[in-house]
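Below: one structure, written as structure tokens.
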Amino acid sequence: MQPSGVSARQRKPLSVRFFNRDAATVARELLGKLLVRRYQGELLVGRVVEAEAYLGQIDPAAHASAGQTPRNAVLFGPPGVAYVYFIYGNHYCLNVSCMPAGSAEGVLFRALEPVSGLATMAKLRGLDLRASELHDLRLAGWSSRLRSISSGPGRLTQAMAITREAHNGMALTSARSELFLADDGWRPERIAVTPRINVTKAADRLLRFLIAGNPFVSAKRIR
DNA sequence: TTATAGATTGCCT
DNA sequence: GGCAATCTATAAT
């Protein structure tokens with residue numbers, strides 16, 4: 001499988017309408033799209049290779065299952081907005097709200113394939129990658145260290161300097177935004193669907209979507 | 001007021 | 001494979 005991130009095609013931001021649909025559809029269609037972060041004058045870009053759908057109040061595994069709280073309020077708002085939460089005392093996780101206000105569906109970003117800004121992303125992750133490793137992407141494949149830049153929900157937020165304080169509640173639908181989603185026309189060949197990772201409730205629901213064969217998909221441990 | 005589980009990761013053996 | 005790190009929400013005392 002060749003790296004997908006070398007396209008110079010135009011990047012068009014995803015619309016509010018894109019997110020105004022059920023989370024499973026949005027999660028599936030987000031695969032192959034770009035997450036773009038403006039960071040200190042540089043563009044950090046990653047392609048979405050793994051995402052999970054959470055179906056709001058009817059979904060026992062969703063943060064919204066117990067109703068609206070200050071933490072999850074963004075999920076109950078309009079579509080296309082970032083919901084960032086802090087988990088296990090260590091990590092931020094990025095979601096985007098789906099469906100109209102009043103419905104609390106959302107999609108969790110679980111893994112990205114780095115496209116540009118690799119050196120900065122590696123630095124934000126605390127990885128001391130050699131220049132030769134950073135060039136891996138343009139050559140044949142990916143080193144395991146390179147793979148750890150953004151393969152995991154906590155890793156990708158760290159690689160893009162995404163925090164709750166800075167980004168929770170931010171609309172992800174404007175190309176002028178500090179953080180947004182875009183479509184460059186690239187499409188995955190094959191999509192796989194599995195149960196969600198590390199959820200104990202509704203553990204049999206097939207709501208995890210990933211690009212089959214992509215090396216940046218997160219570890220598949222299921223508790 | 002205290003306990004515990006959680007949409008995780010990295011380091012240890 | 002085990003487990004510590006350590007914030008947040010909710011359940012139990």
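In what follows, chains carry the letters A, B, and so on, assigned in the order in which the sequence lines appear, proteins first and then strands, with residues in each chain numbered from 1.
When the nearest nucleotides of DNA chain B are assigned to Lys201(A) and Ser148(A) by heavy-atom distance, the more 5′-ward of the two goes with Lys201(A).
Checked by atom type, the side-chain pair Glu50(A)/Ser218(A) shows a donor-acceptor distance below 3.5 Å. Judged purely by distance below 3.5 Å, without hydrogens or angles, the side chains of Arg208(A) and Thr194(A) pair a donor atom with an acceptor atom. Using a 3.5 Å distance cut-off with no hydrogens or angles, the side chains of Glu113(A) and Asn214(A) do pair a donor with an acceptor.
Shown here for Ser148(A) and Leu127(A), the closest heavy-atom pair between the two residues is OG-CD1, 3.6 Å.
By the side chain to side chain contact (heavy atoms under 4.5 Å, CB included) test, Val36(A) is found to be paired with Leu34(A), Leu43(A), Val45(A), Phe180(A), Ala182(A), residues two or more places apart in sequence or in another chain being considered. Under the salt bridge (Lys or Arg N to Asp or Glu O under 4.0 Å) criterion, Arg38(A) pairs with no residue, sequence neighbours left out. Every ring-ring contact (aromatic ring centres under 6.0 Å, His included) that Phe86(A) has, sequence neighbours left out, goes to Tyr92(A).
The interatomic distance linking Tyr54(A) (OH) with dG6(B) (P) rounds to 12 Å, in whole Å. Distance CG (Asn95(A)) to P (dT8(B)): 11 Å, rounded to an integer number of Å. Nucleotide dA7(B) holds its P atom 16 Å from the CZ atom of Arg205(A), rounded to whole Å. The distance from atom CG of Leu127(A) to atom P of dT9(B) is 13 Å, rounded to the nearest whole Å. As rounded to whole Å, 11 Å separates atom P of dA7(B) from atom CZ of Arg110(A). Atoms CG (Leu156(A)) and P (dG10(B)) sit 12 Å apart, rounded to a whole Å. One can place CG of Leu108(A) at 11 Å from C1' of dT8(B), the figure rounded to the nearest angstrom.
The backbone N or O of Ala161(A) sits less than 3.5 Å from a side-chain atom of Arg37(A), completing a donor-acceptor pair.
A cation-pi arrangement is present between Arg21(A) and Phe18(A) under the rule of less than 6.0 angstrom and at most 45 degrees off the ring axis.
Here Arg125(A) does not reach the OP1 or OP2 of dT9(B): none of its side-chain N or O atoms lies under 4.0 Å away. Within the 4.0 Å cut-off from OP1 or OP2 of dG6(B), at least one side-chain nitrogen or oxygen of Thr200(A) is found.
Taking hydrophobic clusters as Ile, Leu, Val, Met, Phe, Trp and Tyr residues chained together by side-chain heavy-atom distances below 4.5 Å, Val49(A) shares a cluster with Leu206(A).
Between His63(A) and Tyr85(A), the distance separating the two ring centers is shorter than 6.0 angstrom.
Distance check on atom P: dC3(C) versus dA5(B) gives 15 Å, rounded to whole Å.
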Considering only nitrogen or oxygen atoms on both sides, find all protein atoms under 3.5 Å from nucleotides 4-11 of chain C and state each distance.
residue, atom, partner, partner atom, Å
dA5(C), N3, Asn90(A), ND2, 2.5
dT6(C), O2, Tyr88(A), O, 3.0
dT8(C), OP1, Arg164(A), NH2, 2.7

Listed pairs, N/O of protein and of nucleotides 11-13 of chain B, under 3.5 Å:
none

Quiz item: Dot-bracket for DNA chain C, 5' to 3', counting Watson-Crick or G-U wobble pairs under 3.5 Å, with [ ] for crossing pairs and | for inter-strand pairs?
Solution: |||||.||||||.

